[in-house]
Protein chains: 2
Amino acid sequence: MKPYVLIVEDEDALATLLEYNFGKEGYETAIAVDGEEALLLASERTPDLILLDWMLPKLSGIEVCRRLRRRKETSKTPVIMLTARGDETDRITGLDFGADDYMIKPFSMPELFARTRALMRRAKPSLLEDVIRVGDVEVDSQAFRVRRDDQALHLGPTEFRLLDHFVRHPGRVFSREQLLDAVWGRDVYVEARTVDVHIGRLRKALKLPGKGDPIRTVRSAGYAFEAVN
Amino acid sequence: MKPYVLIVEDEDALATLLEYNFGKEGYETAIAVDGEEALLLASERTPDLILLDWMLPKLSGIEVCRRLRRRKETSKTPVIMLTARGDETDRITGLDFGADDYMIKPFSMPELFARTRALMRRAKPSLLEDVIRVGDVEVDSQAFRVRRDDQALHLGPTEFRLLDHFVRHPGRVFSREQLLDAVWGRDVYVEARTVDVHIGRLRKALKLPGKGDPIRTVRSAGYAFEAVN
DNA sequence: CTTTACTGTCACGCATTTGTCACCTGCACC
DNA sequence: GGTGCAGGTGACAAATGCGTGACAGTAAAG
């Protein structure tokens, strides 16, 4: 059963982008372009998560959120609000009115996914896989823990997101650019070679005596993560 | 190697969105902002798919499509036209003039990808496969792996791209110039005889005791890759 | 405030890869 | 046999790609 995400966003380009990315991440999606449609869709099928733009035609995000909370089925459904930069007031009001988290536009997809997973886990733990195993490496994205051979390892935040991305797509080769998009986010500018450095740090962090290197370098192409034996 | 998609769209935001999403999906892309540029780019390198906006500066979508169809190389290239809502006339005319499918703006990315894959599968099935087998040779372009007889082999980047190109068009004879275009790229200048050297290296890399040579030399014409038994 | 942890960039060294040349080999034809 | 041409291949200098230690800037913690 795929988690069902309701996207409430009137700006077409953003809505499409969200739909596509969430679709790819394994969610089912629906789009509402205004507040009324949002309430309608939410009552037709109870979403597992709602992405709620704060500036909406017909009904404001605040109002939508308040009414959602009043209904029994959606009273605990996680809501992430999407606000424009610098709208401090909205943010606070939003959290007051029952939103669970907020993202300031423009935001990075990886971060949005991270918060999405965190919220959904809180609401309905069964919906998400918490711990992923590839070979002898075990990643617990809830607890932000990594173990190898039942040996706890310490990783920095970036190394963790990198590894998290790798174990979700084992065996596949990613170019530096793809990794930058997926791990750092599309809008940040960092040198491609920075990836190399973090790969190096990740390798070091994963190193255990007698164990091989699970990260494969593919010259002029990128890196891949695979099980070792 | 990667499927090559030509995006013909004068609206900047949409063009960028398409480029980003197709890039992420594993396509190579190019953008043309008007009809003339579209024809130019399409002749420089034959696209595997064309996304064609119907309202264009300089040359209309109809005209672009008609001229593409008249050329031999692009006479069968899949074309998806992008039309504004309610332009019934355009849609019908478009299909008459040789477009293969249409999408009405605004459209959803996942649907566009679905239609893209459907059309490309019809035109060139091998473009979409991740792992391709020809005889006892197996190429996994996602993991950048080559096996022969379940024996993993090591190839340099150029040898890999060369082999990748070959297995996607098994049996066909390519001239040195064609191989340079397809594997090295149109804009690089390298001696034609360099191909010979890389063919030699590829042969060496594919060599296994008791196994024949899958690359056939066609005197004064070029090379072809074929299954061996 | 000081300390600690983390990040992004750079420069250097090393190994692999690349394109080209020169010199062969094989083959067709006279 | 000789001749001319197309393709095979070893050698090599140059280019490229990658790993890594060092470093400075930043943010968080104490």
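Please read all numbers here as calculations on a predicted model, not as lab measurements.
By the ring-ring contact (aromatic ring centres under 6.0 Å, His included) test, B:F160 is found to be paired with B:F144, residues two or more places apart in sequence or in another chain being considered. In this view, B:D12 satisfies the salt bridge (Lys or Arg N to Asp or Glu O under 4.0 Å) rule with no residue, not counting sequence neighbours. By the side-chain hydrogen bond (donor to acceptor under 3.5 Å, both in side chains) test, A:D10 pairs with no residue at all, sequence neighbours left out. With sequence neighbours left out, B:D187 forms a salt bridge (Lys or Arg N to Asp or Glu O under 4.0 Å) with no residue at all. In this view, B:R172 satisfies the salt bridge (Lys or Arg N to Asp or Glu O under 4.0 Å) rule with no residue, not counting sequence neighbours. Residues that satisfy the salt bridge (Lys or Arg N to Asp or Glu O under 4.0 Å) test with A:R145, not counting sequence neighbours, are absent from this structure.
B:Y223 has no side-chain polar atom (N or O) that falls below the 4.0 Å cut-off from OP1 or OP2 of D:dA6.
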Check nucleotides 23-30 of chain D against the protein and report each pair of N or O atoms closer than 3.5 Å, with its distance, or say if there are none.
none

Under the side chain to side chain donor-acceptor pair (under 3.5 Å) criterion, do B:T217 and B:R203 qualify, and how do the steps go?
CA-CA 11 Å; B:T217 304; B:R203 278 185 167 135; 2.7 Å; yes

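Between the C1' atom of D:dG8 and the CG atom of B:L202 lies a distance of 14 Å, rounded to the nearest Å. Per the geometry, CG belonging to A:L206 stands 14 Å off P belonging to D:dG19, to the nearest Å.
Residue order along DNA chain D, read from the 5' end via each residue's closest nucleotide, puts B:R176 first among B:R176 and A:T217.
Within the structure, the side chain to side chain donor-acceptor pair (under 3.5 Å) test picks out the following pairs touching residues 32-47 of chain B (sequence neighbours left out): B:E28-B:R45. Residue pairs meeting the side chain to side chain donor-acceptor pair (under 3.5 Å) criterion with at least one partner in residues 191-202 of chain A, sequence neighbours excluded, are A:E159-A:H198, A:R176-A:D196, A:Y189-A:E191, A:R193-A:D196, A:D196-A:Y223.
Extent of DNA chain C lying under 4.0 Å from chain A heavy atoms, first and last nucleotide in 5' to 3' order, is C:dC6 to C:dT17.
One distance of note links CG of B:L17 with CG of A:L14; it measures 10.0 Å at 0.5 Å rounding.
A:F225 and A:F166 have parallel rings, their planes meeting at less than 30° on a 0 to 90° scale where 60° marks the start of perpendicular. Note on ring orientation: taking the six-membered ring where Trp is involved, the planes of A:Y27 and A:F113 are parallel (angle under 30°, cut-offs 30° and 60°).
Looking at A:E9, its side chain does come within 3.5 Å of a backbone N or O of A:E11 through a donor-acceptor pair.
Listed by residue number, B:V190, B:E191, B:T194, B:V197, B:H198 are the residues of residues 187-200 of chain B with a heavy-atom contact under 4.0 Å to DNA chain C. Only B:P157, B:T158, B:E159, listed by number, bring a heavy atom of residues 157-164 of chain B to less than 4.0 angstrom from any atom of DNA chain C.
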